[in-house]
Amino acid sequence: MLVHSPLVGRGTWGPIAADLAEDGYSVAVPDLGGTLSAGPPYHQRQAEVIADSAVGQPALLVGHSGAGPLLATAGVMLGGGVLGYIFVDARLPRPGRSWVDTAPPDLMARLRAAADPQGWLPPWSQWWGEEELTGLLPDPAVRQHFAAGCPRLPLAMFEEIHPPVPGWPGAPGGYLQLSEPYEGEAATAGELGWPVKRELSHHLALLTEPGQVARQVLDLIGQLQRRGGMASGRG
């Protein structure tokens with residue numbers, strides 16, 4: 001189950017989903033886009049979309065970036081149906097706290113200033129200068145497709161307190177770091193005793209280096225299988 005950050009579109013997982021499917025894995029990429037216009041509670045709605053996408057099948061939850069905290073809530077909903085968790089350059093769950101609580105204060109001040117009177121923010125792709133986005137995604141077609149998939153975002157989603165996750169994780173976990181800002185999250189994952197891989201490139205390497213990222217994800221899957229007896233996701 002490849003879960004995209006609510007701040008971007010599900011297309012961020014497209015190339016890797018194709019690679020894993022070719023390798024024989026059953027892959028699903030739930031779409032969280034519809035949860036934004038539905039209003040609060042955003043976190044709960046998004047976790048429900050993830051859990052419902054499992055369709056009663058055992059699932060390995062793999063989340064990128066802002067999808068990280070959602071994995072814990074979805075995992076609690078799925079109960080024993082979770083095979084494991086892999087966080088890819090992602091925030092780790094911090095129940096009882098909001099995105100605002102862990103974001104740099106200057107960023108939040110800038111976002112609040114950018115919100116329109118109805119409390120909507122511009123798409124994530126517009127938070128940064130064109131030069132910075134081009135540096136991450138130099139291919140114009142890839143960059144345009146990515147930007148087109150980034151939705152407008154409700155400021156209230158970032159201020160929402162994440163619910164408790166009793167019994168989490170309850171299944172093996174692993175972490176793949178892609179960029180320097182996530183070093184702290186990777187270190188915390190290591191302190192939890194999880195396997196940690198580092199393929200330092202940039203935060204959107206899922207789109208520019210999908211083969212390398214997919215290989216690291218597969219390596220982590222193998223490690224979780226060996227450590228926790230996790231069943232294979234092939235077939």
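Nothing here was measured: the structure is a model prediction, and the numbers come from that model.
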Minimum heavy-atom distance between P122 and A114, given as atom pair plus value: CD-O, 4.0 Å
Under 3.5 Å, is there a donor-acceptor pair between the Q212 and E199 side chains? no
Set out, in order, the CA-CA distance, both residues' side-chain angles and the distance that settles side-chain contact (heavy atoms from CB on, under 4.5 Å) for R152 and L36, then state yes or no. CA-CA 8 Å; R152 294 176 69 224; L36 301 178; over 6 Å; no
So, for P138 and G135, which heavy atoms are closest and what is the spacing to 0.1 Å? CD-O, 4.1 Å
Once you measure the plane-to-plane angle for W128 and W124, does it fall in the parallel (<30°), tilted (30-60°) or perpendicular (>60°) bin? perpendicular
Ignoring hydrogens, what is the shortest heavy-atom contact between Y85 and A171? Give both atom names and the distance. CE1-CB, 3.9 Å
Decide yes or no on side-chain contact (heavy atoms from CB on, under 4.5 Å) for L224 and I86, but give the supporting numbers first. CA-CA 9 Å; L224 297 190; I86 294 178; 4.0 Å; yes
Let's go through W127 and L111 carefully: what are the C-alpha distance in whole Å and the side-chain angles of both, what is the deciding distance for side-chain contact (heavy atoms from CB on, under 4.5 Å) to 0.1 Å, and is it a yes or a no? CA-CA 8 Å; W127 291 11; L111 292 182; 3.5 Å; yes
What is the minimum heavy-atom distance between H4 and P30, and which atoms define it? CD2-O, 3.3 Å
For R198, give me all partners under salt bridge (charged side-chain N to carboxylate O under 4.0 Å, His left out), at least two apart in sequence or on another chain. E183
Determine whether P69 and R91 make a side-chain contact, defined as any pair of heavy atoms from C-beta on separated by less than 4.5 Å. yes
Does R10 have any salt bridge (charged side-chain N to carboxylate O under 4.0 Å, His left out) partners at least two apart in sequence or in another chain, and if so, which? none
Which heavy-atom pair separates V213 from L206 by the least distance, and what is that distance? CG2-N, 4.3 Å
By side chain to side chain donor-acceptor pair (under 3.5 Å), R94 pairs with (sequence neighbours left out) E185
For H64 and T12: C-alpha separation, side-chain torsions, deciding distance, then whether side chain to side chain donor-acceptor pair (under 3.5 Å) applies. CA-CA 9 Å; H64 174 245; T12 51; 4.9 Å; no
I need the L176 CG to R215 CZ distance, nearest 0.5 Å. 12.0 Å
In short, A67 meets G63 closest at the heavy-atom pair CB-CA, 4.0 Å
Got a second to check how far H145's NE2 is from L137's CG, nearest 0.5 Å? 12.0 Å
Output, in order, the C-alpha distance, side-chain angles, deciding distance and verdict of side-chain contact (heavy atoms from CB on, under 4.5 Å) for H203 and Y182. CA-CA 9 Å; H203 192 54; Y182 286 83; 3.5 Å; yes
Just checking, is any N or O donor in the side chain of T73 or H162 under 3.5 Å from an acceptor N or O on the other one? no
According to the interplanar angle, ranging from 0 to 90°, do the rings of F158 and W99 count as parallel (below 30°), tilted (30 to 60°) or perpendicular (above 60°)? perpendicular
Do the non-hydrogen side-chain atoms of P6 and L70 ever get within less than 4.5 Å of each other? yes
Look only at the side chain of W13 and the backbone of V3, and say whether a donor-acceptor pair between them is shorter than 3.5 Å. yes
Please round to the nearest 0.5 Å and tell me the distance separating atom CD of Q46 and atom OG1 of T35. 3.5 Å
